[in-house]
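Structure, as structure tokens:
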Amino acid sequence: MRANFLAATTLLATVASAAPFNSSSPPADEATRFSLIYGFPLIPFAKSAGDTLSIANATNKYYHMREIAGPLDQTIVRPNVDTLYSAAVIDLSHSDIVIDIPSIDNDRYWIYPFYDLYANNFANIGSTTNGTAGKYLVRYDPSKSKEIGVHLCSHIADRGADEGCDGYDGYINAPTPYGQLIARFEAMNNSTDFDTIHQLQNKSTIHLATRSRLGDATAPQLGPNMLNSSTYSGDIPTRIMQMLARFAPHNPPRNISDLPRVNRMLKTAGIDKGHYKSQVRNLTTVAQTAAQKVGVAFNQPQNVMNLTHDWQMIAPAAQGEYNTNYYMRAFMANWGYLALTAQESLYPMYAGDGDTLKLGADEAYIFTFSGKPPVMKQGFWSLTAYNAQKYLIENTQDQYSVSDRSGLTYSDGTPVYGDDAGKQTQFQVLVQPADKEPPKNWTSNWLPAPAGGGQFDLTLRFYAPEDELKNGSWEFPVVQKHKAITE
Ligand SMILES: *[C@@H]1O[C@H](CO)[C@@H](O)[C@H](O)[C@H]1NC(C)=O
Ligand SMILES: *[C@@H]1O[C@H](CO)[C@@H](O)[C@H](O)[C@H]1NC(C)=O
Ligand SMILES: *[C@@H]1O[C@H](CO)[C@@H](O)[C@H](O)[C@H]1NC(C)=O
Ligand SMILES: *[C@@H]1O[C@H](CO)[C@@H](O)[C@H](O)[C@H]1NC(C)=O
Ligand SMILES: *[C@@H]1O[C@H](CO)[C@@H](O)[C@H](O)[C@H]1NC(C)=O
Ligand SMILES: *[C@@H]1O[C@H](CO)[C@@H](O)[C@H](O)[C@H]1NC(C)=O
Ligand SMILES: *[C@@H]1O[C@H](CO)[C@@H](O)[C@H](O)[C@H]1NC(C)=O
Ligand SMILES: *[C@@H]1O[C@H](CO)[C@@H](O)[C@H](O)[C@H]1NC(C)=O
Ligand SMILES: *[C@@H]1O[C@H](CO)[C@@H](O)[C@H](O)[C@H]1NC(C)=O
Ligand SMILES: *[C@@H]1O[C@H](CO)[C@@H](O)[C@H](O)[C@H]1NC(C)=O
Ligand SMILES: *[C@@H]1O[C@H](CO)[C@@H](O)[C@H](O)[C@H]1NC(C)=O
Ligand SMILES: *[C@@H]1O[C@H](CO)[C@@H](O)[C@H](O)[C@H]1NC(C)=O
């Protein structure tokens, strides 16, 4: 995964040739490095918000994804096959918005997560948190920067004292006027369930409301032009700086106490009055050291947890809400953009076998789970396979993941998710090339890898994890390479 990040990042070309970090480098280098790390999430924001906008046609309007992704869906990398989405680009610069959350059965994992411009998951309403149906006012008011997040009106004694509760079930204060909302609904393993989700999507609405406070009257309306890459330099580091020049003046850091430092750094780096002028001799070199520092930060104990059997996980405090941890914010913008907080989901990564998974044509991996992963009743888990391009792997079974809904069986053939919810014994998953069909008793536990073998990628997802997962005390699966099982 370390290698993954460094290879994939658009911040740098080659790390190997980067100069070692020079601690006595000039202030402009230091400030530019800071700015590149600080501004990196704007690159995936432009892509993600730009894509949503091009389908929804407007900000503050949902695009409802109605079907689960398949191998032919190649607009986003590592799509999940667990949830349907409803996505909206949020712009609170000229109006507040009111979102309607329908009543949803709590056996299903569901969430309406709010992200600020820099991908902080600053508020959640869902099956694990504050899951009350109703009308919520969402607004951006810099004078309320200490009260970011969800405020349920049922928890506020004197409702009249705060106009955020006037006719609403709750209100949400946003840290930046621009952001995203990407509601997710767990898809159960049955054909009538899509219809149920579509109804929930159809009942999810966004309305504009008159802005309740003055806010930042100077922030422009967010339009497609501001997200269009051809508005900016083709050189990614330059583009980050240009986007920062445009967005940062109206979109403060999540931790508002850091605003003076951020402004000072951006200014020293050459960002002034909406424009960027380079202050360094070679921006490419500075970007390389920035990427290197992000890679170093990822390996620090406060940011990553080592788990049993060669698994690793982003430390819960370093995922989703980043405060002033701009290194991890940049890391996640590249590796897991729009990650939720650890309370909602965990994405452990297998770090054995030289950081990349690879199979010969006649090989397989066997994952031995110590028992059912401890997720809450309304949670779910899945293990999904991707090819080298990070898209779903074509196979005749249409099996793209194994999960708590995929019909896994124990070695005696009984279902793992059957009547005996309390049973905790081991079960195995077979990751084997799509063209090497295993014997019948393995079919329901078979996760097809690319036909013919080769390099690929797996994502383990835990939604609504229990404490044993969050604190790393659960025994993670043992992963072993094996000869392909064909008879
Ligand atoms: C580090 O930066 C200082 C100040 O610009 C410079 O004098 C010095 O030569 C640099 N050292 C290295 C190893 O690049
Ligand atoms: C966006 O506009 C296009 C073309 O007018 C239309 O086909 C599409 O349905 C619109 N999308 C939404 C979500 O309204
Ligand atoms: C849930 O609501 C409570 C009460 O309004 C609030 O303090 C808390 O921050 C909310 N939690 C999340 C994750 O938004
Ligand atoms: C299938 O989904 C529907 C709608 O969500 C649900 O009511 C029903 O219980 C599900 N059936 C099974 C067998 O899980
Ligand atoms: C949801 O809305 C779409 C578009 O308006 C409509 O075609 C579809 O039938 C609706 N689905 C359900 C289940 O209400
Ligand atoms: C981005 O801008 C270019 C050049 O102005 C234009 O050709 C292109 O259609 C725009 N793309 C989008 C998605 O708006
Ligand atoms: C915000 O950042 C300041 C320093 O920039 C730090 O002292 C403070 O603890 C941070 N606030 C929170 C809530 O972590
Ligand atoms: C900047 O540095 C990169 C590699 O560090 C090098 O390839 C490039 O030629 C340099 N550009 C200039 C203008 O010196
Ligand atoms: C995690 O393991 C790696 C190597 O396996 C080691 O370099 C690193 O220091 C460990 N980190 C922690 C926080 O224990
Ligand atoms: C879920 O779907 C798979 C096919 O994708 C099927 O084999 C399995 O039996 C189903 N499981 C349940 C519990 O319905
Ligand atoms: C399939 O059968 C073999 C041989 O009896 C056994 O070792 C293996 O655990 C079984 N696999 C599953 C997933 O039940
Ligand atoms: C992790 O959480 C579990 C369940 O709450 C608890 O029993 C265990 O002691 C915790 N372990 C650590 C290391 O905190």
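Hydrogens, waters and symmetry mates are skipped; everything else that's a heavy atom, side chains included, is used. Counting starts at 1 for both ligands and their atoms, in listed order.
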Is it the case that [X] and [Y] place a side-chain donor and acceptor less than 3.5 Å from each other?
X: Thr238; Y: Tyr232; answer: no
X: Thr205; Y: Asp100; answer: yes
X: Tyr109; Y: Glu344; answer: yes

* Selection from Asn202, Asp195, Leu200 by shortest heavy-atom distance to atom 11 (N) of ligand 5 -> Asn202
* Selection from Asn228, Leu53, Thr231 by shortest heavy-atom distance to atom 1 (C) of ligand 6 -> Asn228
* Counting from 1, what ligand 11 atoms have a heavy atom of Tyr410 closer than 4.0 Å? ->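 With Tyr410 as reference, the close atoms of ligand 11 come out as 14 (O).
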* Scan the protein's non-hydrogen atoms and note whether one is under 4.0 Å from atom 5 (O) of ligand 11. =>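 So atom 5 (O) of ligand 11 lacks protein heavy-atom neighbours under 4.0 Å.
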* Structure fact -> If you scan protein heavy atoms around atom 13 (C) of ligand 5, the nearest is Gln199 CG, 3.4 Å
With a cut-off of 3.5 Å and sequence neighbours excluded, list every side-chain donor-acceptor pair involving residues 422-431.
from	atom 1	to	atom 2	distance (Å)
Gln424	OE1	Lys372	N	2.8
Gln428	NE2	Thr368	OG1	2.9

* contact_flag Phe427 ligand 11 heavy-atom lt 4.0 Å -> no
* Do Arg184 and Trp110 come within less than 4.5 Å of each other through their side chains, counting heavy atoms only? ->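 Counting from C-beta outward, Arg184 and Trp110 never come under 4.5 Å.
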* **ligand 6-proximal atoms of Pro224, by part, heavy-atom distance under 4.0 Å** =>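 None of Pro224 does.
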